[in-house]
Amino acid sequence: MLAFDTERLRVRPWTPEDAEDAFRIYGDPEVARWLSGEPVASLAAMRQRLDDRRASDQELMSRGYGGWALELRATARVVGAVILKPLPPELSDIEIGWHVARDCWGNGYAVEGIRPLIDHAFLVLGLERLHAVLYPDNLRSRRVCEKLGMEDLGMTDAYYGKNLAHYGLERPR
């Protein structure tokens with residue numbers, strides 16, 4: 001399974017022990033509003049969601065895709081997640097994404113954690129293009145896209161049944 005270290009982060013698969021940190025992230029209404037969902041209601045619900053996610057990610061991870069925890073190397077605290085997965089409905093476009101705990105916004109963890117995943121997508125998986133979709137008023141994630149060198153492709157309603165800002169990144173030549 002894919003795992004790697006950056007200067008400050010360890011990017012690794014989620015474990016059952018991550019439930020409290022994950023609940024701090026996904027139970028926060030301010031984080032959940034950018035992820036097109038309701039906040040996770042309880043720690044028990046978060047544990048169940050992690051179990052379900054690990055089970056469903058097995059096939060994706062066997063192909064080099066999935067979702068990974070962003071852990072601070074200095075403290076072993078999970079401060080977010082990065083994803084690399086097929087976008088619905090056709091599953092032919094590949095999405096990169098990031099989720100960061102609100103108390104960690106502005107620290108550069110999203111950019112630091114996603115850059116090696118972009119390298120993995122292009123160099124190991126041989127992908128030609130990556131996509132990021134986000135709510136148009138999510139200015140923090142728009143800045144992450146810009147820092148990653150992603151092109152603003154305008155608005156799209158092709159994914160998730162919502163009108164979203166669409167960014168793309170071509171494989172370097």
Side-chain angles (χ1 to χ4, degrees), residues 1-57 60-61 65-88 94-118 130-148 150 155-157 159-167:
M1 288 205 193
L2 181 68
F4 51 86
D5 289 345
T6 68
E7 182 180 334
R8 300 176 295 166
L9 301 170
R10 175 160 291 122
V11 180
R12 56 152 178 86
W14 289 95
T15 69
E17 292 76 27
D18 296 327
E20 287 185 28
D21 284 340
F23 180 60
R24 186 178 37 76
I25 299 164
Y26 297 107
D28 183 338
E30 190 60 25
V31 173
R33 78 181 272 226
W34 302 116
L35 303 178
S36 68
E38 292 293 316
V40 176
S42 68
L43 182 56
M46 188 74 249
R47 282 191 177 101
Q48 185 62 53
R49 186 177 283 187
L50 280 177
D51 286 345
D52 294 345
R53 173 64 57 189
R54 278 195 335 277
S56 68
D57 272 357
L60 279 177
M61 287 194 156
Y65 301 104
W68 296 268
L70 287 179
E71 176 185 278
L72 287 177
R73 290 176 57 193
T75 64
R77 175 182 161 210
V78 174
V79 296
V82 291
I83 61 168
L84 179 69
K85 66 182 181 91
L87 274 161
I94 303 300
E95 176 183 19
I96 58 167
W98 45 88
H99 311 150
V100 178
R102 183 171 21 153
D103 66 330
C104 295
W105 289 354
N107 288 303
Y109 296 143
V111 171
E112 185 176 334
I114 206 78
R115 277 198 171 124
L117 202 54
I118 290 171
L130 295 171
H131 301 265
V133 291
L134 45 122
Y135 287 109
D137 55 343
N138 188 341
L139 300 180
R140 289 181 182 278
S141 280
R142 283 184 173 269
R143 282 194 295 276
V144 169
C145 290
E146 292 165 5
K147 287 178 182 178
L148 293 170
M150 299 187 83
M155 299 297 292
T156 184
D157 61 0
Y159 311 109
Y160 300 113
K162 299 179 190 281
N163 198 28
L164 300 168
H166 185 199
Y167 286 80

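- Between the side chains of Y167 and R142, at least one donor N or O lies within less than 3.5 Å of an accepting N or O.
- Taking 4.5 Å as the limit, every side-chain heavy atom of L9 sits out of range of all side-chain heavy atoms of E71.
- Judged by distance alone, the side chains of W98 and S141 do bring a donor and an acceptor atom under 3.5 Å apart.
- Between the CG atom of L2 and the CG atom of L117 there is a distance of 6.5 Å, given to the nearest 0.5 Å.
- Side chains of Y160 and E95: a donor on one and an acceptor on the other come within 3.5 Å.
- Side chain of D28 to main chain of I25: no donor-acceptor pair is present (N/O by atom type, distance under 3.5 Å, no hydrogens or angles).
- Under a 4.0 Å N-O distance rule, the pair R53/D18 does not qualify as a salt bridge.
- Remark: I114 CD1 to L130 CG distance equals 8.5 Å, nearest 0.5 Å.
- Salt-bridge annotation for E30 and R102: absent, with no side-chain N of the basic residue lying under 4.0 Å from a carboxylate O of the acidic one.
- If you take NE2 on H99 and OH on Y26, they are separated by 5.0 Å, rounding to the nearest 0.5 Å.
- Looking at R24 and D21, a side-chain N of the basic residue comes within less than 4.0 Å of a carboxylate O on the acidic one, giving a salt bridge.
- A salt bridge links R8 to E112: at least one charged side-chain nitrogen sits closer than 4.0 Å to a carboxylate oxygen.
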